Amino acid sequence: MAQKPSIPKGTRDFTPSEVAKRNYIFGVIKKHFEIFGFQPIETPSFENSDTLMGKYGDEGDRLIFKILNSGDFLNKVDDATYISKDSTSLTSKISEKALRYDLTVPFARYVVMHQNEIDFPFKRYQIQPVWRADRPQKGRFREFYQCDADVVGADSLLQEVEFIQLYDAVFADLGLEGVNIKVNNRKILAGIAEVIGAKDVLIDFTVALDKLDKIGAEGVKKEMSDKGISVDSIAKVEPLFSLSGSNSEQLSTLKELLADSKEGSKGVEELAFIFETVDALGLLSAQLSIDVTLARGLNYYTGTILEVAAPQKVDMGSIGGGGRYDDLTGIFGLKDVSGVGISFGLDRIYLVLEELGLFPETLDQSLQVLCLNFGAKEALAALKLTTFLRKSGTKADLYPSDAKIQKQFKYANNRNVPYVILIGEKELAENSFVVKNMESGAQETYNLKSPEDFIHQLKME
RNA sequence: GUGGUUGUAGCUCAGCUGGUUAGAGCGCUUGAUUGUGGUUCAAGAGGUCGCCGGUUCGAAACCGGUCUUCCACCCCA
C-alpha cells in the first residue's frame, strides 16, 4: 500500500448492505409521500451563494460550504480587500456558488422561479443530499440526505393534520413503535413571551426553553436570566416547566395563561383544532403530544412546529421535524404563499431501526440462487438455468470459474445465498440439477427440462 | 467556532516507568477433505505503530504541529 487513501471528515462510504437498508427506508418514505399525493422535484447540488447566504442566520452562513470560483479567482480581488484579510468580504469576491445546505430554501427558490407553471396548492417531495461544514457527532455528518415533503399555497390546518398522518403512516410501515409526534406553535411561544414581558427576546427565550429536557428547569432559568430576562418574567413561565396532564388539559391551561395575548390565543386555537381533528381520525401507532418547549427552526417557522421523538427505549432524540412557514417565498419576492412541511432524518432512523433490529432480513439477500461451476460443459448448462431463473425475476448467478467446490460454497455462505445449485458430471448425464438449502442443508433434485418446478417452489416460500 | 478524546495487521483491540525480533482474537490463504459451506484441527501470509518534526545512546510509548475518530458545547437533521 503506497499512500493510505481517505475520505473527508464527516463523509461516509456505504457498503452494499448499508445501501440496501438505506434504500429500504427511502422506499418506504417515498411510497407514502406518493400515496399522500406529493410529487418529486430535484434541485441542483449547488446554488448561487446569495440564494443561500443569510437565510439560516449567522450560524448557518458559517456552516455553508462555499465553492471557489473557477479560473484565476484571486486576480479579481482588489488589493484593499486582499490585504485586509477580512474573510467575509473576501469570500463574496472569490466564491459565487455554495453547496445546498437544506432542501427548504432551494424549494422556496424553485416555487418562485416556477410560480407560473405550478398549480397551487403544490405538494412536492424531495430526497437529496445536503452539506454542512459542521463538526461531526453521533448521527450528524457533513454530507447527509434529507427527505422533505412540503405543501405551498394552502393555509388550511388540515395540511398539518395530513403531515401528522404521514409521519404515522411511515413509522408504522417501518415497524417503529412508540414514536412521539410533538406539536407546538410559534404563536404560543410568542404569546408566552408577550405575557411575561419578554417579547423582544423571543428567540433567546425559546432557545432556552427548548433545552428543558436537557439541562433541567434550573438550567433553563439560569440561561434565561443570563440572557437578560427578569426574575419576575421567569417566575411567570415556571408553570410551563411542569405542564402535565392530557393534551386537552394542557390546552386549557395554556388557554388560560395566554388569555391576554391575541397571538397566543390564536396559537392555542390552532393547536386545539389539530388535536381534535387527529383524534377524530385516529393514528396507527404514533403518539401525539403537546410540547411547549419545542422551538426548532425559529428562523422561519411561523405557526405549527412539529418534531418526532424516537421511541424512549433508544437514546436518539429527534428523527424528524417540520412546521409551517407563512412567508418563506417572501425572501425571493413572492408574498402571501403559506407553506408547511416535514423532514425525515434518514441517518437517525437508520440507527434506530438497526438498534431495534427492525430491518427485514431479506434486505441482505443480494442473491437468491448461486449455481456452482464444475467445469466448461457443466457451466454451460448452469448458465442456461441461470438465464432462465433471471428471466423469472430470480436474483441468480453462476460462479465464474471452476474453483474448488469448497471455496465456491464458502463464497455462497459469505454472501448469504439461501440456495445453491449443483450441476456436476452426474447431474449433466441425468439432465438434472440439485438444489441445496443452505440453512437446513437439505438437497433436492429437479429435472433440467422443467426448472419452473423449482421456481414455483421458490415462490411458495 | 470552543473544550476534551482517539489513531498499532483487513476488522476489534493488547503492548507496563522509554530498552532485543511489536502481539492476541476474528477474518484471509493453504492443507486435513479431487462433489458439499457454517463446526473442528494444523500451517502460512499480512504492520513505514495516522502523518511531519523534536527530545534521547535508543521512541509505538515522551514533547510540538497536523490530519482523523468519537464526545460535550454552539447550532442543528
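Note on naming: letters A, B, ... go to the chains in the order of the sequence lines (proteins, then strands), and numbering restarts at 1 for each one. In this text, all values refer to a predicted model and were calculated from it rather than measured experimentally.
- With no hydrogens or angles considered, a side-chain donor-acceptor pair links A/Glu34 and A/Tyr125 at under 3.5 Å.
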Can you list, pair by pair, the side-chain donor-acceptor contacts under 3.5 Å of residues 36-44 of chain A, counting residues two or more places apart and other chains?
unit_1  : atom_1 : unit_2   : atom_2 : d
A/Thr43 : OG1    : A/Gln126 : NE2    : 3.0

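- For the pair A/Tyr411 OH and B/rU29 P, the interatomic distance rounds to 13 Å; values are reported in whole Å.
- Using a 4.0 Å heavy-atom distance criterion, A/Asn414 is classed as a sugar-phosphate-only contact.
- Here A/Glu223 pairs with A/Lys211 in a salt bridge; the nearest charged N to carboxylate O distance falls below 4.0 Å.
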note = Going 5' to 3' through nucleotides 66-75 of chain B and flagging B where a protein heavy-atom sits under 4.0 Å of the base, S where only the sugar-phosphate is that close, and - otherwise, we get --SS-SBBBB
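- Under the salt bridge (Lys or Arg N to Asp or Glu O under 4.0 Å) criterion, the residue pairs touching residues 159-173 of chain A are A/Lys31-A/Asp173, A/Lys123-A/Glu162, A/Glu160-A/Arg324, with sequence neighbours excluded.
- Applying the salt bridge (Lys or Arg N to Asp or Glu O under 4.0 Å) criterion to A/Asp453, with sequence neighbours excluded, gives no partner residue.
- Taking the side chain to side chain contact (heavy atoms under 4.5 Å, CB included) definition, one finds that A/Tyr411 meets it with A/Leu370, A/Tyr399, A/Arg415, sequence neighbours left out.
- Spacing of C1' atoms, B/rA43 relative to B/rU69, comes out at 37 Å, to the nearest Å.
- Applying the side chain to side chain contact (heavy atoms under 4.5 Å, CB included) criterion to A/Leu176, with sequence neighbours excluded, gives A/Phe171, A/Val179, A/Pro311, A/Ile319, A/Val352, A/Leu353, A/Leu356, A/Leu358.
- Applying the salt bridge (Lys or Arg N to Asp or Glu O under 4.0 Å) test to A/Arg135 and every residue at least two apart in sequence or in another chain returns nothing.
- Atom CZ in A/Arg415 sits roughly 18 Å away from atom C1' in B/rC28 (whole-Å rounding).
- A/Glu430 pairs by the salt bridge (Lys or Arg N to Asp or Glu O under 4.0 Å) definition with nothing, not counting sequence neighbours.
- Remark: C1' of B/rA77 and CD of A/Gln128 are 16 Å apart, rounded to the nearest angstrom.
- Taking a pair as Watson-Crick or G-U wobble with both distances under 3.5 Å, RNA chain B forms stems of 3 or more consecutive pairs at B:1-4 with B:70-73, B:10-13 with B:23-26, B:28-32 with B:40-44, B:50-54 with B:62-66.
- When rounded to the nearest whole Å, the span between OH of A/Tyr350 and C1' of B/rA77 equals 17 Å.
- A/Phe332 is linked by a side chain to side chain contact (heavy atoms under 4.5 Å, CB included) to A/Thr51, A/Lys55, A/Val105, A/Ala108, A/Arg109, A/Val112, counting only residues two or more places apart in sequence or in another chain.
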Polar atom pairs (N or O), protein with nucleotides 34-38 of chain B, under 3.5 Å:
unit_1 : atom_1 : unit_2   : atom_2 : d
B/rG35 : O6     : A/Lys426 : N      : 3.1
B/rG35 : O6     : A/Glu427 : OE1    : 3.0
B/rG35 : N1     : A/Glu427 : OE1    : 2.7
B/rG35 : N1     : A/Glu427 : OE2    : 3.0
B/rG35 : N2     : A/Glu427 : OE2    : 3.3
B/rU36 : O2     : A/Lys436 : NZ     : 2.7
B/rU36 : O2     : A/Gln443 : OE1    : 3.1
B/rU36 : N3     : A/Gln443 : OE1    : 2.5
B/rU36 : O4     : A/Gln443 : NE2    : 3.4
B/rG37 : O2'    : A/Asn413 : ND2    : 3.4
B/rG37 : N7     : A/Lys436 : NZ     : 3.1
B/rG37 : O6     : A/Lys436 : NZ     : 3.4
B/rG37 : N1     : A/Met438 : O      : 2.4
B/rG37 : N2     : A/Asn413 : OD1    : 2.8
B/rG37 : N2     : A/Met438 : O      : 2.7
B/rG37 : N3     : A/Asn413 : OD1    : 3.1
B/rG38 : O4'    : A/Asn413 : ND2    : 3.1
B/rG38 : N2     : A/Glu439 : O      : 3.3

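- A/Asp58 is linked by a salt bridge (Lys or Arg N to Asp or Glu O under 4.0 Å) to nothing, counting only residues two or more places apart in sequence or in another chain.
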